[in-house]
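One structure below.
Worth knowing before you read on, the calculation uses all heavy atoms, side chains too, and leaves out hydrogens, waters and symmetry mates.
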Amino acid sequence: DAGITQSPRHKVTETGTPVTLRCHQTENHRYMYWYRQDPGHGLRLIHYSYGVKDTDKGEVSDGYSVSRSKTEDFLLTLESATSSQTSVYFCAISPRGQVAPNTEAFFGQGTRLTVV
Amino acid sequence: GQQLNQSPQSMFIQEGEDVSMNCTSSSIFNTWLWYKQDPGEGPVLLIALYKAGELTSNGRLTAQFGITRKDSFLNISASIPSDVGIYFCAGQLLYGSNYQLIWGAGTKLIIKP
(Lines give C-alpha, C1' and ligand atoms only; values in the text may rest on other atoms or scores of the structure.)
Protein backbone atom coordinates (compact mmCIF):
# COMPACT_ATOMS: atom_id res chain seq x y z
CA ASP A 1 0.00 0.00 0.00
CA ALA A 2 1.11 3.54 -0.76
CA GLY A 3 2.12 5.34 2.44
CA ILE A 4 -0.76 7.77 2.88
CA THR A 5 -2.26 8.63 6.24
CA GLN A 6 -5.28 10.83 6.72
CA SER A 7 -6.23 12.34 10.06
CA PRO A 8 -8.62 12.41 11.68
CA ARG A 9 -10.57 9.45 10.27
CA HIS A 10 -13.83 10.74 11.68
CA LYS A 11 -14.90 14.17 12.87
CA VAL A 12 -18.13 15.82 13.92
CA THR A 13 -18.13 19.59 14.07
CA GLU A 14 -20.60 22.43 14.40
CA THR A 15 -21.63 24.80 11.65
CA GLY A 16 -19.40 27.85 11.51
CA THR A 17 -16.35 26.28 13.12
CA PRO A 18 -13.01 25.92 11.33
CA VAL A 19 -11.81 22.41 10.52
CA THR A 20 -8.46 21.18 9.25
CA LEU A 21 -7.87 17.77 7.74
CA ARG A 22 -4.37 16.42 7.31
CA CYS A 23 -2.85 14.18 4.67
CA HIS A 24 0.61 12.76 5.26
CA GLN A 25 2.59 10.74 2.72
CA THR A 26 5.85 8.82 2.99
CA GLU A 27 6.27 8.22 -0.77
CA ASN A 28 7.89 11.56 -1.61
CA HIS A 29 5.39 12.01 -4.46
CA ARG A 30 5.18 15.44 -5.95
CA TYR A 31 1.45 15.65 -6.48
CA MET A 32 -1.21 15.57 -3.77
CA TYR A 33 -4.96 15.98 -4.08
CA TRP A 34 -8.02 16.48 -1.95
CA TYR A 35 -11.31 15.00 -3.14
CA ARG A 36 -14.74 14.83 -1.62
CA GLN A 37 -17.04 11.89 -2.20
CA ASP A 38 -20.81 12.20 -2.04
CA PRO A 39 -23.51 9.73 -3.11
CA GLY A 40 -24.31 10.06 -6.80
CA HIS A 41 -21.32 12.33 -7.51
CA GLY A 42 -18.33 10.05 -7.47
CA LEU A 43 -15.12 11.84 -6.55
CA ARG A 44 -14.83 15.58 -7.04
CA LEU A 45 -11.54 17.42 -6.89
CA ILE A 46 -11.34 20.22 -4.31
CA HIS A 47 -7.71 21.37 -4.54
CA TYR A 48 -4.42 19.89 -5.57
CA SER A 49 -0.76 20.58 -5.08
CA TYR A 50 2.08 20.12 -7.55
CA GLY A 51 4.86 20.94 -5.13
CA VAL A 52 5.71 22.66 -1.85
CA LYS A 53 3.69 25.89 -1.65
CA ASP A 54 2.27 25.23 -5.14
CA THR A 55 -1.46 24.63 -5.13
CA ASP A 56 -4.40 25.13 -7.45
CA LYS A 57 -8.17 24.92 -7.36
CA GLY A 58 -10.23 21.97 -8.45
CA GLU A 59 -13.85 21.57 -9.47
CA VAL A 60 -15.40 22.32 -6.04
CA SER A 61 -12.95 24.62 -4.26
CA ASP A 62 -15.38 27.18 -2.81
CA GLY A 63 -15.29 27.18 0.99
CA TYR A 64 -11.99 25.29 1.14
CA SER A 65 -8.35 26.31 1.37
CA VAL A 66 -5.18 24.22 1.35
CA SER A 67 -1.57 24.51 2.33
CA ARG A 68 1.54 22.50 1.64
CA SER A 69 4.60 23.62 3.56
CA LYS A 70 6.40 20.26 3.28
CA THR A 71 6.44 17.59 0.59
CA GLU A 72 4.86 15.06 2.91
CA ASP A 73 1.93 17.09 4.27
CA PHE A 74 -1.11 18.56 2.54
CA LEU A 75 -3.69 20.28 4.72
CA LEU A 76 -7.31 20.97 3.83
CA THR A 77 -9.09 23.71 5.80
CA LEU A 78 -12.74 24.54 5.99
CA GLU A 79 -12.67 28.10 7.29
CA SER A 80 -16.29 28.04 8.44
CA ALA A 81 -17.88 24.63 8.08
CA THR A 82 -21.37 24.31 6.59
CA SER A 83 -23.74 21.36 6.48
CA SER A 84 -23.17 21.06 2.71
CA GLN A 85 -19.57 20.17 3.51
CA THR A 86 -20.63 16.98 5.28
CA SER A 87 -18.87 14.39 3.17
CA VAL A 88 -16.11 11.84 3.00
CA TYR A 89 -12.80 13.45 2.12
CA PHE A 90 -10.03 11.57 0.36
CA CYS A 91 -6.44 12.52 -0.10
CA ALA A 92 -4.57 11.10 -3.09
CA ILE A 93 -0.99 11.20 -4.27
CA SER A 94 0.72 10.50 -7.54
CA PRO A 95 4.27 10.77 -8.85
CA ARG A 96 3.34 12.64 -12.00
CA GLY A 97 -0.02 14.19 -11.34
CA GLN A 98 -2.94 15.12 -13.49
CA VAL A 99 -0.82 17.47 -15.55
CA ALA A 100 0.88 14.56 -17.27
CA PRO A 101 -0.68 11.65 -19.18
CA ASN A 102 -0.85 8.09 -17.95
CA THR A 103 -1.33 9.14 -14.36
CA GLU A 104 -2.16 6.71 -11.58
CA ALA A 105 -3.33 8.07 -8.25
CA PHE A 106 -3.16 6.33 -4.85
CA PHE A 107 -5.73 7.12 -2.20
CA GLY A 108 -5.81 7.40 1.57
CA GLN A 109 -8.52 5.75 3.65
CA GLY A 110 -10.67 8.84 3.89
CA THR A 111 -11.98 11.21 6.57
CA ARG A 112 -15.68 11.19 7.34
CA LEU A 113 -16.70 14.72 8.28
CA THR A 114 -20.12 15.55 9.66
CA VAL A 115 -21.16 19.17 10.11
CA VAL A 116 -24.14 19.57 12.43
CA GLY B 1 -18.20 20.66 -16.15
CA GLN B 2 -17.21 17.52 -17.95
CA GLN B 3 -19.63 14.61 -17.64
CA LEU B 4 -18.87 10.93 -17.41
CA ASN B 5 -21.85 8.56 -17.23
CA GLN B 6 -21.29 5.30 -15.42
CA SER B 7 -23.84 2.49 -15.49
CA PRO B 8 -25.42 0.66 -13.96
CA GLN B 9 -25.65 2.53 -10.68
CA SER B 10 -25.92 -0.76 -8.78
CA MET B 11 -26.02 -4.46 -9.53
CA PHE B 12 -27.42 -7.40 -7.60
CA ILE B 13 -25.87 -10.62 -8.81
CA GLN B 14 -25.44 -14.24 -7.80
CA GLU B 15 -22.02 -15.58 -6.91
CA GLY B 16 -20.44 -17.06 -10.02
CA GLU B 17 -22.16 -14.69 -12.45
CA ASP B 18 -20.30 -12.46 -14.85
CA VAL B 19 -20.56 -8.70 -14.35
CA SER B 20 -20.34 -5.88 -16.86
CA MET B 21 -20.30 -2.13 -16.31
CA ASN B 22 -19.39 0.80 -18.51
CA CYS B 23 -18.63 4.48 -18.70
CA THR B 24 -19.49 6.80 -21.54
CA SER B 25 -18.93 10.44 -22.29
CA SER B 26 -19.30 12.99 -25.04
CA SER B 27 -15.64 13.91 -24.44
CA ILE B 28 -12.57 12.16 -25.81
CA PHE B 29 -10.22 10.70 -23.21
CA ASN B 30 -6.57 9.71 -23.51
CA THR B 31 -6.54 7.41 -20.47
CA TRP B 32 -9.18 5.32 -18.70
CA LEU B 33 -8.74 4.06 -15.16
CA TRP B 34 -10.87 1.60 -13.21
CA TYR B 35 -10.87 1.64 -9.42
CA LYS B 36 -12.55 -0.43 -6.70
CA GLN B 37 -13.54 0.95 -3.34
CA ASP B 38 -14.24 -1.27 -0.33
CA PRO B 39 -16.35 0.06 2.57
CA GLY B 40 -14.37 2.48 4.72
CA GLU B 41 -11.42 2.52 2.36
CA GLY B 42 -10.11 4.67 -0.43
CA PRO B 43 -10.33 3.61 -4.09
CA VAL B 44 -7.68 1.18 -5.31
CA LEU B 45 -6.54 1.07 -8.92
CA LEU B 46 -7.55 -2.12 -10.79
CA ILE B 47 -6.74 -1.48 -14.44
CA ALA B 48 -5.27 1.39 -16.45
CA LEU B 49 -5.88 1.78 -20.21
CA TYR B 50 -3.77 4.07 -22.35
CA LYS B 51 -4.66 3.44 -26.01
CA ALA B 52 -7.89 3.34 -27.97
CA GLY B 53 -8.97 -0.25 -28.52
CA GLU B 54 -6.71 -1.55 -25.76
CA LEU B 55 -8.01 -4.63 -23.97
CA THR B 56 -6.35 -5.40 -20.63
CA SER B 57 -6.92 -8.13 -18.07
CA ASN B 58 -6.11 -8.37 -14.38
CA GLY B 59 -7.08 -11.82 -13.16
CA ARG B 60 -10.85 -12.16 -13.57
CA LEU B 61 -11.15 -8.51 -14.56
CA THR B 62 -11.06 -7.31 -18.16
CA ALA B 63 -11.36 -3.72 -19.31
CA GLN B 64 -11.35 -2.10 -22.72
CA PHE B 65 -10.65 1.39 -23.97
CA GLY B 66 -13.30 2.17 -26.60
CA ILE B 67 -12.27 2.80 -30.19
CA THR B 68 -13.96 6.20 -30.18
CA ARG B 69 -12.03 7.07 -26.96
CA LYS B 70 -15.35 8.14 -25.42
CA ASP B 71 -16.13 4.97 -23.51
CA SER B 72 -14.75 2.05 -21.55
CA PHE B 73 -16.13 -1.11 -20.01
CA LEU B 74 -15.12 -3.38 -17.16
CA ASN B 75 -16.06 -7.04 -17.00
CA ILE B 76 -15.70 -9.33 -13.99
CA SER B 77 -15.97 -13.04 -14.65
CA ALA B 78 -17.24 -15.63 -12.18
CA SER B 79 -17.90 -13.16 -9.38
CA ILE B 80 -16.96 -14.05 -5.80
CA PRO B 81 -18.02 -12.46 -2.48
CA SER B 82 -14.89 -10.30 -2.23
CA ASP B 83 -15.86 -8.55 -5.47
CA VAL B 84 -18.49 -6.63 -3.50
CA GLY B 85 -17.79 -2.91 -3.43
CA ILE B 86 -18.09 0.21 -5.53
CA TYR B 87 -16.35 0.38 -8.88
CA PHE B 88 -15.35 3.73 -10.34
CA CYS B 89 -14.18 4.67 -13.77
CA ALA B 90 -12.04 7.74 -14.30
CA GLY B 91 -11.10 9.31 -17.60
CA GLN B 92 -8.21 11.64 -18.24
CA LEU B 93 -8.51 14.35 -20.82
CA LEU B 94 -6.74 17.49 -21.88
CA TYR B 95 -8.68 20.53 -20.69
CA GLY B 96 -7.10 23.74 -21.84
CA SER B 97 -3.41 23.25 -21.17
CA ASN B 98 -3.81 20.81 -18.30
CA TYR B 99 -4.89 17.19 -17.95
CA GLN B 100 -7.85 16.44 -15.73
CA LEU B 101 -9.25 13.26 -14.22
CA ILE B 102 -13.03 13.02 -14.48
CA TRP B 103 -14.78 10.44 -12.31
CA GLY B 104 -17.91 8.38 -12.82
CA ALA B 105 -20.46 8.20 -9.98
CA GLY B 106 -19.70 4.54 -9.35
CA THR B 107 -21.31 1.12 -9.75
CA LYS B 108 -22.19 -0.62 -6.51
CA LEU B 109 -21.84 -4.39 -6.76
CA ILE B 110 -23.89 -6.48 -4.35
CA ILE B 111 -23.86 -10.26 -4.29
CA LYS B 112 -27.11 -11.93 -3.32
CA PRO B 113 -26.76 -14.43 -0.48
Side-chain angles (χ1 to χ4, degrees), chain A residues 1-10 21 23-25 29 31-50 54-62 87-112, chain B residues 1-10 21 23-25 27-52 54 56 58 63 65 69 85-108:
Chain A
D1 291 342
I4 311 171
T5 304
Q6 289 185 231
S7 59
R9 293 293 314 278
H10 302 272
L21 309 183
C23 178
H24 178 78
Q25 62 144 330
H29 283 346
Y31 297 88
M32 299 184 75
Y33 311 89
W34 277 107
Y35 287 90
R36 62 178 289 174
Q37 183 178 34
D38 304 290
H41 288 279
L43 288 156
R44 293 183 291 176
L45 182 65
I46 305 171
H47 282 278
Y48 67 98
S49 169
Y50 47 96
D54 291 324
T55 64
D56 205 349
K57 296 179 179 180
E59 176 187 0
V60 291
S61 60
D62 288 347
S87 186
V88 180
Y89 292 85
F90 285 99
C91 173
I93 65 174
S94 74
R96 285 180 288 180
Q98 296 190 166
V99 296
N102 303 342
T103 295
E104 299 172 6
F106 303 95
F107 287 82
Q109 291 182 300
T111 295
R112 184 172 295 275
Chain B
Q2 302 293 333
Q3 293 290 326
L4 202 161
N5 301 308
Q6 185 171 353
S7 65
Q9 187 175 4
S10 61
M21 61 191 78
C23 282
T24 62
S25 177
S27 301
I28 292 175
F29 292 96
N30 66 352
T31 298
W32 281 98
L33 307 172
W34 283 95
Y35 284 79
K36 183 192 176 202
Q37 184 179 26
D38 292 324
E41 302 290 334
V44 174
L45 182 67
L46 298 173
I47 292 179
L49 303 161
Y50 301 118
K51 293 191 298 187
E54 180 179 355
T56 298
N58 178 5
F65 193 144
R69 295 171 60 194
I86 303 177
Y87 293 80
F88 291 99
C89 63
Q92 187 186 62
L93 51 72
L94 188 60
Y95 187 70
S97 58
N98 293 316
Y99 287 93
Q100 287 192 359
L101 263 181
I102 310 298
W103 292 82
T107 295
K108 188 173 186 178

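Residue A/R44 does not touch chain B at all, counting heavy-atom pairs closer than 4.5 Å. Interface remark: B/Q37 contributes side-chain atoms only to the contact with chain A (heavy atom separation under 4.5 Å).
Ring-centre distance between B/W103 and A/F107: below the 6.0 Å cut-off.
Here the CZ atom belonging to B/F88 is positioned 4.0 Å from the CD atom belonging to A/Q37, to the nearest 0.5 angstrom. One finds the OG atom of A/S94 at 8.5 Å from the CG atom of B/L101 (value rounded to the nearest 0.5 Å).
Counting heavy atoms of neighbouring residues, nucleotides and ligands inside a 6.0 Å radius, atom CD of B/E41 exceeds 12 of them.
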